[in-house]
Amino acid sequence: MKKYEPAEIETKWQHRWEEEKLFATGEDAERENFYLLEMFPYPSGKLHMGHVRNYSIGDVAARFLTMKGYNVLHPMGWDAFGLPAENAAIKNGIHPYIWTKENIGEMRAQLKQLGFAYDWNREIATCNPGYYRWTQWIFIQFYKAGLAYKKKNPVNWCPSCETVLANEQVVDGRCERCGAEVGKRDLEQWYLKITDYADRLLSDLDTLDGWPAKVKTMQRNWIGRSTGAEVDFGIKESDRKLRIFTTRPDTLFGVTYMVLAPEHPYVDELTSGTDYEAQVAAFRDKLQYLSDRDRNSTTLEKEGLFIGRYAVNPLNGAEIPIYIANYVLMDYGTGAIMAVPAHDTRDFEFAVKYDLPIIPVIDPGNPDIDTENLKEAFVAEGVLINSGAFNGLNNKEAIVKITDYLEAEHIGVKSVNFRLRDWLISRQRYWGTPIPMIYCKNCGWQPEKEENLPVLLPTDVEFSGKGESPLTTSKSFRAAVCPVCGGEAEREIDTMDTFLDSSWYFLRFCDARNEEEVFDRAKAGYWMPIDQYIGGVEHAILHLLYARFFTKFLSDIGWAPVIEPFMNLLTQGMVLKDGAKMSKSLGNVVSPEEIIEKYGADTARLFILFASPPEKELEWSDAGVEGSYRFLNRVYRIVNEFLEIAAGSPAGEPPAAAGADAAKDLTRAMNAAIKKVGEDIGRRFNFNTAISSIMEFVNAMYRYKDAGTFDPGLARRAAETLILLLSPFTPHICEELWEAAGHEASVYGEAWPEFDEDALTLDTVEIAVQINGKIRGRLQVRTGLSPDALVEAALADEAIAPFVAGKEIIKKIGVPDKLVNIVVKG
RNA sequence: GCGGGCGUGGCGGAAUUGGCAGACGCGCCGGAUUUAGGAUCCGGUGGGGCAACCCGUGAAGGUUCAAGUCCUUUCGUCCGCACCA
């Protein structure tokens with residue numbers, strides 16, 4: 001018999017699939033459609049195991065659903081703009097476009113080598129003008145809608161990447177990409193007003209039942225909606241009002257001091273010309289040297305300074321000192337707080353340090369807590385005290401009552417605050433989509449005319465890696481004509497954050513070759529939303545939030561057919577080796593190349609899907625890969641043997657009586673596998689258990705072979721069923737075997753097999769017999785016996801009798817086809 | 001500190017609704033085949049005990065005829081957020 005030669009088989013079928021354009025997809029009203037998408041990769045060079053895992057998961061689903069009769073859209077493309085390309089240009093003198101194109105070529109070849117069923121006709125790369133033209137078009141729509149603006153602001157600056165970063169790209173005070181500590185710079189930058197969508201981005205999360213709770217929680221936290229009130233405090237010897245934001249208006253009577261952010265605009269005004277002026281300036285200078293990371297750390301000791309002025313509590317007229325302190329941030333709320341040390345842990349810590357009064361206004365109703373002498377802030381629910389007319393109210397009610405009072409008296413308003421900031425999208429780099437804006441001395445900022453798009457990236461630039469955008473070095477790029485007055489004007493030289501490119505690519509896949517418009521609305525309407533999205537959890541608040549924002553905006557202006565892009569989200573786990581994430585620095589990287597070369601793509605796919613459920617971490621195991629390879633060899637042999645013997649036997653001959661039990665066993669295993677695989681993939685993407693049931697089926701085939709008698713019809717049916725079940729996982733070997741079974745068409749086009757419920761039901765079943773919950777015997781019984789009949793059979797059994805003899809039976813429980821439990825006493 | 005997940009054999013992991021814990025694979029042990037090795041096929045494999053039996057899902061308690069699964073407490077571990085007023 002021929003040996004299993006994966007290298008030979010795999011190239012053969014990959015070529016055939018490509019020639020036959022097997023995976024090309026179009027709209028088809030006859031079939032139910034399914035849009036299956038995996039997060040497209042950045043073309044960094046070569047695939048890593050994380051990619052293989054991500055795309056293997058998607059491919060099994062795509063192939064399975066196709067066999068189930070769905071019209072499946074399963075496209076692939078490249079998130080091709082980004083810094084690594086530019087860094088390579090600086091380092092090696094290769095143009096980013098060349099570098100990127102070469103990497104795409106290499107990675108595309110690898111994806112094909114793995115046998116993924118992508119519709120390559122729809123391939124896109126975000127760095128192609130045919131694509132980024134529409135990214136620019138979308139930007140202009142944002143601008144026209146008043147949702148794109150340029151503003152000077154302190155921004156996150158990565159000194160190593162030489163560019164600004166969005167808040168989402170600063171993780172733990174460091175650059176999300178390179179890990180360098182992020183500093184602040186005051187720069188004029190482009191923003192997208194994602195905050196206008198904060199409420200909808202938050203509330204629509206509730207509709208995303210198919211998302212992991214964890215990702216939704218992360219987005220909720222990131223959006224960070226707080227409800228409360230803004231309250232105006234008077235300032236002694238001033239006409240000014242000091243506006244604060246609080247989520248706890250119920251504690252207003254407990255305010256004992258106020259704190260302003262050191263950058264608060266009132267600080268200068270309140271201190272200039274006073275004795276405090278110099279100290280305040282010194283304090284502020286000191287904070288300037290702190291990085292954002294340190295400034296925002298809970299471990300940083302609270303420090304503050306009295307500025308010599310007093311505020312007046314609008315509810316009770318109390319005069320309270322005004323401080324500036326390091327723990328109040330200018331960019332949240334109003335940059336000023338009322339401090340209630342009795343009921344806020346931060347204020348408590350500060351009050352103790354600076355010996356400020358602590359006035360309790362909520363009674364914990366707990367005798368263990370000495371309200372007049374708090375050891376820590378009391379932050380739980382309770383009843384109001386020391387609060388004038390509001391005494392005796394539960395503090396939850398008091399929030400409503402006091403807020404109403406504030407509004408009635410015009411000293412405060414209900415208010416909602418978000419942690420989410422507007423999205424800073426300009427980057428001082430070359431390899432990105434040019435921002436299609438033009439500055440005219442007379443007309444100000446104007447968008448480029450849409451018919452002039454794309455604004456092409458110039459090629460005559462120098463890559464120094466220093467200072468401003470490399471676009472400034474182009475001789476031709478900067479000069480422009482004002483779209484309004486036709487006068488001399490200048491182009492914006494910053495490019496867009498690459499997260500814009502990836503915020504709408506899934507819509508472009510619906511109509512990837514359209515040169516007239518961003519995409520055809522009918523086509524997008526046919527495919528969208530994405531039924532299943534698969535990718536890493538690292539995009540929980542970056543890509544996944546931005547993409548939701550874009551989709552909502554495009555829906556608002558009448559383009560996107562849905563308000564949420566991703567119905568179901570699967571976040572796959574990381575691939576580990578020796579308990580740690582594979583990384584060059586740890587030297588524990590296993591390259592997909594070497595695995596494919598040694599065992600073939602089918603083995604790589606099978607192992608990666610079998611070793612762990614998709615959302616969990618996967619521990620790489622060389623021995624496990626061997627095991628998967630061995631299994632495929634086992635499949636190859638048994639299918640060929642079955643086909644050979646089936647072909648050699650006279651067809652239609654009834655099975656020998658002696659083989660009846662073996663035939664039944666095989667039939668049952670086959671139907672069980674059909675059922676289990678279908679459910680495990682279709683319902684919950686548990687590929688590991690699906691594969692294990694296929695392995696059980698294969699084991700049953702070997703048992704059948706050993707039993708000695710052979711029904712050719714059954715043998716053929718078993719062999720073909722096995723091929724069909726396994727084909728989404730390991731398509732190449734299955735195509736080869738399918739061909740060996742005498743079929744001309746690809747197994748990809750075959751219908752998924754149906755199972756026979758009757759074949760699954762056994763005639764008899766072994767049940768456990770328990771006495772007082774302990775197993776004392778086993779019993780072969782007819783399937784489907786009633787609880788009473790089961791108990792009766794158990795009591796009649798001679799192995800059980802001694803346990804019951806002379807004892808009082810208290811309770812008898814029978815669970816059909818499972819067990820009997822008899823409770824006795826004495 | 002807050003939020004979430006996870007703790008099951010030597011290892012990766014099963015157990016869908018409270019109903020025989022450990023499916024499937026790896027590893028290991030034994031047998032067959034083989035000049036030998038490898039490969040292959042068959043069998044065994046949670047721990048203790050010759051045995052009947054006893055003990056076992058991080059730990060302790062509880063509910064139940066019955067708990068990996070439900071409840072309470074607790075320990076460990078991983079992830080996310082973290083002075084957001």
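Chain letters run A, B, ... following the sequence lines, proteins first, then strands; residues in each count from 1.
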Problem set entry | Selection from C81(B), C42(B), G19(B) that lies nearest to any side-chain heavy atom of R634(A) | C42(B)
For this session: Can you figure out which of U16(B), G25(B), G19(B) approaches the side chain of V815(A) most closely?
Result: G19(B)
For this session: Would you list the pairs meeting salt bridge (Lys or Arg N to Asp or Glu O under 4.0 Å) in which at least one residue belongs to residues 693-705 of chain A, sequence neighbours left out?
Result: E641(A)-K705(A), D665(A)-R703(A)
Exercise. Which whole-number value in Å describes the distance from N417(A) CG to A85(B) P?
Worked result: 8 Å
Problem set entry | Interatomic distance where CG belongs to L618(A) and P belongs to G13(B) [whole Å] | 8 Å
For this session: Kindly indicate whether the side chain of K818(A) and the base of C20(B) share any N or O donor-acceptor pair separated by less than 3.5 Å?
Result: no
Exercise. From G12(B), A14(B), C83(B), pick the nucleotide closest to the side chain of K302(A)?
Worked result: C83(B)
Exercise. Should R630(A) be listed as having a side-chain N or O under 4.0 Å from OP1 or OP2 of C24(B)?
Worked result: no
Problem set entry | Separation of the P atoms in C70(B) and G1(B), to the nearest angstrom | 26 Å
Exercise. Hey, are K286(A) and E303(A) close enough for a salt bridge, meaning a charged N less than 4.0 Å from a carboxylate O?
Worked result: yes
For this session: Select from A768(A) and R776(A) the residue whose nearest nucleotide in RNA chain B is closer to the 5' end of that strand.
Result: A768(A)
Problem set entry | Electrostatic pair K353(A)-E301(A), nearest N-O below 4.0 angstrom | yes
Exercise. What distance, rounded to whole Å, do you find between the two C1' atoms, one in A21(B) and one in U57(B)?
Worked result: 7 Å
Exercise. OP1, OP2 of A82(B) versus side-chain N and O of R419(A): anything below 4.0 Å?
Worked result: yes
Distances under 3.5 Å only, N/O to N/O: pair up the protein atoms with those of nucleotides 64-66 of chain B.
| residue | atom | partner | partner atom | Å |
| --- | --- | --- | --- | --- |
| C65(B) | OP1 | K811(A) | NZ | 3.2 |
| C65(B) | O2' | N821(A) | ND2 | 3.0 |
| C65(B) | O2 | N821(A) | ND2 | 2.8 |

Exercise. Should the pair K302(A) and Y327(A) be classed as cation-pi, given the thresholds of under 6.0 Å to the six-membered ring centre and 45° from the axis?
Worked result: yes
For this session: For F631(A), answer base if it contacts any base atom (sugar-phosphate contacts may also be present), sugar-phosphate if it contacts only those atoms, and nothing otherwise; contact means non-hydrogen atoms under 4.0 Å.
Result: nothing
Exercise. E619(A) CD to G10(B) P: how many Å, rounded?
Worked result: 18 Å
For this session: Can you figure out which of G12(B), U16(B), C20(B) approaches the side chain of L819(A) most closely?
Result: C20(B)
For this session: In whole angstrom, give me the gap between the P atoms of G46(B) and C79(B).
Result: 34 Å
Problem set entry | Closest nucleotide among G19(B), A85(B), C24(B) to the T247(A) side chain | A85(B)
Problem set entry | Phosphate contact (C41(B) OP1 or OP2) by R637(A) side-chain N/O below 4.0 Å | yes
Problem set entry | C1' atoms of G58(B) and C24(B), separation to the nearest Å | 25 Å
For this session: Write down the atom of L165(A), the atom of L424(A), and the distance for their closest heavy-atom approach.
Result: O-CD1, 3.9 Å
Exercise. Within the structure shown, what part of the strands sits under 4.0 Å from G627(A) by heavy-atom distance: base, sugar-phosphate, or nothing?
Worked result: sugar-phosphate
Seminar exercise, completed: Whole-Å distance, N686(A) CG to C24(B) P, equals 17 Å
Exercise. If only side-chain N and O atoms of N699(A) are considered, is one of them under 4.0 Å from the OP1 or OP2 phosphate oxygen of G25(B)?
Worked result: yes
For this session: Describe the nucleic acid contact of E626(A) in one word from base, sugar-phosphate, nothing, applying a heavy-atom distance below 4.0 Å.
Result: nothing
Exercise. Should the pair Y332(A) and F245(A) be assigned to parallel (<30°), tilted (30 to 60°) or perpendicular (>60°) ring geometry?
Worked result: perpendicular
For this session: Report yes or no: does R421(A) contribute a side-chain atom to a donor-acceptor pair with the main-chain N or O of F418(A) at less than 3.5 Å?
Result: yes
For this session: With the side chain of I775(A) defined as its heavy atoms from C-beta on, choose the nearest nucleotide among C26(B), A85(B), A21(B).
Result: A21(B)
For this session: Give a yes/no answer on whether the side chain of Y327(A) brings an N or O atom under 4.0 Å of OP1 or OP2 in A85(B).
Result: no
Problem set entry | Shortest side-chain distance from K214(A), nucleotide among C79(B), G80(B), C83(B) | C79(B)
Problem set entry | S692(A) vs G13(B): side-chain N/O to OP1/OP2 distance below 4.0 Å | no
For this session: May I ask you to say what R683(A) touches in the nucleic acid, namely base, sugar-phosphate or nothing, with a heavy-atom cut-off under 4.0 Å?
Result: base
Exercise. Is it true that K675(A) and D680(A) have a side-chain N and a carboxylate O under 4.0 angstrom from each other?
Worked result: no
Problem set entry | Contact nearer the 5' end of RNA chain B, comparing K616(A) with K676(A) | K616(A)
Exercise. On a whole-Å scale, what distance lies between the C1' atoms belonging to C75(B) and A59(B)?
Worked result: 7 Å
Exercise. Y629(A) and F607(A): aromatic ring centres closer than 6.0 Å?
Worked result: no
Problem set entry | Shortest non-hydrogen contact from I608(A) toward M49(A) | CD1-O, 3.9 Å
Exercise. Which one, C42(B), A85(B), A14(B), comes nearest to the side chain of D706(A)?
Worked result: C42(B)
For this session: Tell me whether G9(B) sits syn or anti, counting syn as a glycosidic angle within 90° of 0.
Result: syn
For this session: Under 4.0 Å between any heavy atoms, over every strand shown, what does T246(A) touch: base, sugar-phosphate, or nothing? Just pick one.
Result: sugar-phosphate
Problem set entry | Proximal nucleotide (of G3(B), C79(B), A85(B)) relative to the F245(A) side chain | A85(B)
For this session: Could you provide the dot-bracket string of RNA chain B, using ( ) for intrastrand pairs, [ ] for crossing pairs and | for bases paired to another strand, with Watson-Crick or G-U pairs below 3.5 Å?
Result: (((((((..(((......[....)))((((((.......))))))(((....)))..(((((..]....))))))))))))....
Exercise. Roughly, in whole Å, what's the span from NZ in K705(A) to P in U40(B)?
Worked result: 13 Å
Exercise. D680(A) has an atom CG; how far is it from atom C1' of A23(B), in whole Å?
Worked result: 12 Å
For this session: Examine C83(B): is either OP1 or OP2 under 4.0 Å from a nitrogen or oxygen in the side chain of N326(A)? Give yes or no.
Result: no
Problem set entry | Euclidean distance, atom CE of residue M218(A) to atom P of A82(B) [Å, nearest integer] | 10 Å
Exercise. With a 3.5 Å cut-off and no angle check, do the side chains of R634(A) and N699(A) form a donor-acceptor pair?
Worked result: yes
Exercise. When rounded to the nearest Å, what value does the distance between C1' atoms of G56(B) and G48(B) take?
Worked result: 11 Å
For this session: Go through U16(B), G13(B), C41(B) for me and flag the one nearest to the R684(A) side chain.
Result: U16(B)
Exercise. Rounded to the Å, how far apart are I694(A) CD1 and A23(B) P?
Worked result: 19 Å
Exercise. Relative to each other, are the rings of Y354(A) and F350(A) parallel, tilted or perpendicular (30° and 60° limits)?
Worked result: tilted
For this session: Over all heavy atoms of both residues, which pair between G536(A) and Q572(A) is shortest? Give the atoms and the distance, please.
Result: N-OE1, 3.5 Å
For this session: For residues F687(A) and F685(A), establish whether the separation of their ring centroids is below 6.0 Å.
Result: yes
For this session: For G19(B) versus C26(B), give the span between their C1' atoms, rounded off to a whole number of Å.
Result: 30 Å
Exercise. What distance, rounded to whole Å, do you find between the two C1' atoms, one in A15(B) and one in G22(B)?
Worked result: 9 Å
